[in-house]
Trainee: 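Just passing along the structure, written as structure tokens.
Order of appearance sets the numbers: ligands from 1, and atoms from 1 within every ligand. Positions are given from 1, in the same order as the sequence printed here.
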Amino acid sequence: MSQTFPKASFSIRPADRMTELPKQFFAALVQKVNARIAAGHDVINLGQGNPDLPTPPHIVQALKEGADNPQFHKYPPFSGFGFLKEAIAQRYREDYGVALDPETEVAVLFGGKTGLVEISQILLNPGDVCLVPDPGYPDYWSGVALSGGRMAFMPLKEENDFLPDYSALSTDDLRQAKLMFFNYPNNPTSASAPLSFYEETVEFAAKHNIVAVSDFAYGAIGFDGEKPVSFLQAEGAKETGIEIYTLSKTYNMAGWRVAFALGNAEVIRLINLMQDHYYVSLFGAVQWASAQALTGPQDNVRELVAAYEGRRNALFEELEAIGWQARRPSGSFFSWLPVPNGYTSSEFADMLLERADVMVAPGIGFGTHGEGYVRVGLLSSEDRLREAARRIGKLHLFDRG
Ligand SMILES: Cc1ncc(COP(=O)(O)O)c(C=O)c1O
């Protein structure tokens, strides 16, 4: 008897939510860069956001020690080890003067991205609204899409210092909104937020019963002696929302996947409940090394910020020399540069790749209000950043007169 498998009638039929997922705009870009490199070009890739420097050695050493500890070979506690939650609470106390109860106000996450996607699934029913910055980090869109929620965009405009204008939101959107995201120091605009913005946000969130989510991914990276302000420093922040803090950027630990949700105890309880169904927390040795990162010497963080600031200065010196005028970033490791007249952001990025072998990220990839800008990362050496600007200078796009 012969039967052929799979039967001709067999087909994989994905759930509708898979087709709702937003397109990965930057995947196409990576392909273009890779094709150009494969063709032998020396491309300076300033389009991506992957930290280029290694994790400090004392943290790597702690991971090695942790890997040798049989305690960490077992399942970890579902919501993470107490020592890790105490370590992040200590860091917030020291850095921001914010008190957090490690047991009820801290959830351990598999990277900030996971938390940002989970939170929409935790709080939104189909049709509920999430307020999302435009331009903004595309992963906010993914969680909203998976939950069947709807996004209402908050334009970030240069004339408002790239802060959202809550008074411009429609009554309908405000009535249906349950969740909102904001992110300072900001990806992609590199703007920072003052404490007064967070105070206004607490008031706004409380008035409209919206859970406020501060994505503090670049919380350690502020320039010119200005330390970024945490949302949790605003009075009442813990009553209205949470902050997501990742180790990816502060300690160059992007590959380790460690982050935290901090703040409102009920939201933290819901995150832990959801995660009980998905995961059994991070490898214990990773948790151990992360705790050493948070409680150990912080010189590496200061050195890292100084390195990014040096790169920013080098890049902006060259940009000035070629006549490309832009706002100097006050934090994050990005710069947000206006596109010269006559190009869309995608056309401009394509042209720079083809004619200067420099890759930048077109602003349109971050939302419609990102049009007119490109994002340039500070994730290459000062020399490479200078060279990128010089190559662009040779195209004479910004010559005056
Ligand atoms: C604005 C923003 N939020 C969150 C993240 C997520 O970081 P991770 O998932 O590595 O914690 C990133 C990473 O690039 C980011 O740029």
Trainee: For a ring pair (Phe, Tyr, Trp, His ring centres under 6.0 Å) with Tyr218, tell me which candidate from Tyr245, Phe334, Tyr184 qualifies.
Mentor: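 Among Tyr245, Phe334, Tyr184, the one meeting ring pair (Phe, Tyr, Trp, His ring centres under 6.0 Å) with Tyr218 is Phe334.
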Trainee: Show the protein residues that qualify under the rule heavy atom under 4.0 Å from an atom of ligand 1, listing them in chain and number order.
Mentor: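 Gly111, Gly112, Lys113, Leu116, Tyr137, Asn183, Asn187, Asp215, Ala217, Tyr218, Thr246, Ser248, Lys249, Arg257.
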Trainee: Indicate yes or no: does Arg17 engage Glu20 in a salt bridge with an N to O separation below 4.0 Å.
Mentor: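 So Arg17 does not pair with Glu20 through a salt bridge.
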Trainee: Is the shortest distance from a Lys or Arg side-chain nitrogen in Arg384 or Glu387 to a carboxylate oxygen in the other one below 4.0 Å?
Mentor: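 Yes, charged N to carboxylate O under 4.0 Å.
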Trainee: Please report whether the ring centroid of Phe216 lies less than 6.0 Å from that of Tyr96.
Mentor: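 When the ring centroids of Tyr96 and Phe216 are compared, they turn out to be within the sub-6.0 Å range.
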Trainee: Check this for me: does any side-chain nitrogen of one of Glu158 and Arg327 sit under 4.0 Å from a carboxylate oxygen of the other?
Mentor: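 Looking at Arg327 together with Glu158, the answer is yes, because their closest N to O distance falls below 4.0 Å.
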Trainee: Roughly how far, to the nearest 0.5 Å, is CH2 of Trp324 from CG of Leu315?
Mentor: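 Those atoms lie 8.5 Å apart.
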